[in-house]
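Proteins come first, then strands; the chains are lettered A, B, ... in the order of their sequence lines, and each starts at number 1.
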Number of protein chains: 2
Amino acid sequence: MSEHVHRPSEQSGPSTIVDVAKAAGVSVATVSRALRGLDRVSPQTRARVERIAAELNYVASPTATSLASGRTRIVGVVVPFPARWYFAAMVSAIGRALRERGYQVLLFDLERDVFDTRLRLTGSMLWKRVDGVISINIPMTEAELELLAGLHVPVISLGYRLPGRATVAIDDRAAAGTATEHVLSLGHREVAYIGVGRDGADLIQTPLDRLAGFRAALADRGIPVREDWLLPSDWTAEDARDLARTLLADPDDRPTAVVCGSDEMAFGVFMAALEHGLSVPADLSIVGIDDHYLAEVFSLTTVRQDVEAQGEHAVALLLEELAEPGRATRDRDRILPTELVIRSSTALVGDADTPAS
Amino acid sequence: MSEHVHRPSEQSGPSTIVDVAKAAGVSVATVSRALRGLDRVSPQTRARVERIAAELNYVASPTATSLASGRTRIVGVVVPFPARWYFAAMVSAIGRALRERGYQVLLFDLERDVFDTRLRLTGSMLWKRVDGVISINIPMTEAELELLAGLHVPVISLGYRLPGRATVAIDDRAAAGTATEHVLSLGHREVAYIGVGRDGADLIQTPLDRLAGFRAALADRGIPVREDWLLPSDWTAEDARDLARTLLADPDDRPTAVVCGSDEMAFGVFMAALEHGLSVPADLSIVGIDDHYLAEVFSLTTVRQDVEAQGEHAVALLLEELAEPGRATRDRDRILPTELVIRSSTALVGDADTPAS
DNA sequence: CTGAAAGCGCTTACAG
DNA sequence: CTGAAAGCGCTTACAG
């Protein structure tokens with residue numbers, strides 16, 4: 001085994017920058033410059049280095065590059081419920097945008113245990129590991145933000161507005177207002193709302209804002225709010241279904257329309273209606289918010305938010321901040337538009353052209 | 001600004017192992033050993049080092065650790081459609097299992113562009129960046145596996161069986177068999193199947209195996225297969241709904257039960273049935289496979305696969321392989337069980353106790 | 001049990 | 001335009 005065998009095409013072997021430098025007859029510094037496209041390298045030298053690097057199957061060790069440069073080209077994406085559609089779609093959109101720019105995503109799952117895990121995150125998980133962070137719908141305190149600042153990792157908040165910080169979000173209040181006004185414009189006056197935040201969720205803005213949007217829409221038309229029809233939920237489809245079962249039980253006192261804080265909850269209400277033999281939209285109009293990937297299949301009228309665009313924007317902001325610290329913080333709070341998508345879960349009140357039970 | 005100010009609790013400042021060593025009056029080697037829990041460090045020394053490290057807010061730079069040790073403690077998770085429930089749930093499960101063991105997940109999104117992207121993956125994205133890879137439902141060729149081997153990154157295949165390699169999966173054939181046998185046992189004889197793989201998907205095992213399971217179940221009972229009721233689909237809920245609209249259009253020639261290759265497709269069939277005024281399960285039984293997170297809400301009878309357990313197993317296998325190369329490859333092919341979950345989308349054939357239209 | 005030193009594989013001023 | 005050398009912050013034999 002001591003014979004020196006030449007194996008140039010060694011199964012993508014671990015060739016280093018030194019190997020390339022030797023083979024090209026230049027210094028490692030030159031290889032580094034040539035391959036990274038820096039100037040001050042003669043075209044001929046660059047071409048040769050590139051060719052030899054390709055032949056040797058050279059790929060710079062990201063770990064060494066990171067240590068030397070102080071940048072990892074990795075961004076941490078922090079998520080509370082990675083398996084839920086909204087978050088999964090957002091992570092996917094962010095990943096796509098990041099990849100195009102040569103970055104990768106390290107996934108941080110808060111596993112519902114928001115506070116504890118966030119603290120652990122800060123200390124040992126982010127330090128020198130990511131260039132920046134995008135947090136999705138996570139209520140951050142000022143103290144935590146300062147900690148992150150101390151670690152020198154810029155953070156973009158997506159979905160959760162941080163006053164004075166770089167944020168990308170939709171106007172939840174307006175979105176809920178649009179959804180509500182839609183059913184009001186169809187003549188509905190007996191309308192319930194599912195999606196009031198439960199205890200402990202009072203830090204989360206989305207439920208608060210959407211509820212506010214609902215109330216405001218009613219107020220705008222001078223319609224009184226049935227407080228007992230403002231239903232607190234954990235925002236799962238199951239819970240919404242259970243709530244709706246009760247809500248719709250009494251034929252003599254039930255709403256003609258239900259506004260849901262999310263499409264998933266709307267799915268639950270839809271099933272509860274079917275169970276009660278009510279047809280949608282003849283007997284009950286249902287409107288959601290989000291435009292969940294199954295909303296079209298279930299013909300759900302909803303207010304669409306553009307997850308893709310939000311991910312894109314968050315990435316753009318973060319990279320601006322990375323390129324020029326302080327930049328993204330200047331023009332903060334990018335609010336992206338939402339849009340009413342009318343499908344067939346809503347109809348004019350009392351419009352029983354579909355045979356009701 | 002040239003005054004030397006003592007700031008021991010400097011906002012989680014970048015203190016290095018050298019700082020700790022100096023403060024503790026020992027060498028960096030000792031700090032390293034003490035903090036990593038290696039032996040050959042006196043209890044007193046270790047205690048002091050630990051205390052001082054804590055005071056200095058020291059966290060080892062993962063990038064430096066990786067370069068020195070050759071291990072990143074990061075595993076790449078490769079996924080074709082990260083926003084779809086199955087994949088998102090799997091990534092989440094894997095992440096949880098990994099985190100418990102001190103690893104993190106770097107997300108690789110194939111973005112449908114399977115072949116191209118996989119090649120790029122191999123070269124520059126994985127090299128020296130991850131200790132191992134878990135690929136979810138991705139058909140890998142022998143050539144690609146060899147490339148990965150050349151990079152020295154072990155790979156566990158999840159959902160896609162690699163002959164002779166470490167694989168974690170369910171028995172798709174058996175799962176579909178269970179689903180099919182369930183409706184057969186309810187007396188159904190006119191049963192359709194939605195979820196035959198489309199062109200280009202012939203490499204993906206799941207559609208093939210589930211279809212085979214469907215056929216086998218019918219064969220076991222000597223029931224002939226209606227070939228025109230074996231519907232190719234792209235496996236989205238929309239597509240399944242569209243297919244079912246046609247399938248269910250003719251009252252004189254339509255199935256009494258539909259077996260779906262996935263729950264998402266079952267949702268689509270469910271909606272098509274409603275559109276046709278059919279009630280489920282009185283007029284049509286529907287059974288899915290997966291136990292999608294919305295399956296319970298839609299009362300869908302299905303064959304459950306345990307995503308959590310599969311993620312766990314994949315992680316366990318990978319870490320075994322990391323600890324002892326060659327180990328995981330020995331006892332390959334871990335097939336996890338599936339389980340029939342009967343809800344109310346299936347009923348005895350012709351059992352019209354629910355008022356049919 | 002502990003330390004000095006080499007090494008991991010790059011990048012980055014600094015010279016020339 | 002190019003090279004020699006220091007440095008990034010750890011880990012790992014090797015001595016003692």
> Rounded to the nearest 0.5 Å, what separation is found between the OG atom of Ser15(B) and the CD1 atom of Ile52(B)?
Replying inline: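 Answer for the OG-CD1 pair, Ser15(B) versus Ile52(B), is 11.5 Å.
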
> Could you spell out the base pairing of DNA chain C in dot-bracket, with Watson-Crick or G-U pairs whose two distances are under 3.5 Å, [ ] crossing and | to another strand?
Replying inline: |||.||||||||.|||

>> Please check this pair: side chain of Thr72(B) against backbone of Ser66(B), looking for a donor-acceptor N/O pair closer than 3.5 Å.
In response: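 Checking the backbone N and O of Ser66(B) against the side chain of Thr72(B), no donor-acceptor pair under 3.5 Å is found.
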
> Does Leu106(A) reach the side chain of Val77(A), with side-chain heavy atoms less than 4.5 Å apart?
Replying inline: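 A side-chain contact is absent here, since even the closest heavy-atom pair is not under 4.5 Å.
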
So does [X] pair up with [Y], basic N to acidic O under 4.0 Å?
X: Arg96(A); Y: Glu308(A); value: yes
X: Arg165(A); Y: Glu321(A); value: no
X: Arg46(B); Y: Glu50(B); value: no
X: Arg101(A); Y: Glu312(A); value: yes

Whole angstrom is fine here: how far is it from [atom1] in [X] over to [atom2] in [N]?
X: Leu67(B); N: dA6(C); atom1: CG; atom2: C1'; result: 13 Å
X: Leu56(B); N: dG9(D); atom1: CG; atom2: P; result: 14 Å
X: Lys22(B); N: dG3(C); atom1: NZ; atom2: P; result: 15 Å
X: Leu35(A); N: dT2(D); atom1: CG; atom2: C1'; result: 16 Å

>> One character per nucleotide, please: for nucleotides 10-16 of chain C, 5' to 3', B when the base has a protein heavy atom closer than 4.0 Å, S when only the sugar-phosphate does, - otherwise.
In response: BSBB---

> Below 4.0 angstrom from OP1 or OP2 of dA4(D), is there any side-chain N or O of Ser27(A)?
Replying inline: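 Negative; the distance criterion is not met.
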
> Minimum heavy-atom separation for Lys128(B) to Thr63(A), with atom names?
Replying inline: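 Shortest heavy-atom separation between Lys128(B) and Thr63(A) comes out as O-CB, 4.3 Å.
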
>> Base, sugar-phosphate or nothing for Ser66(B)? Non-hydrogen atoms, less than 4.0 Å.
In response: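 No contact.
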
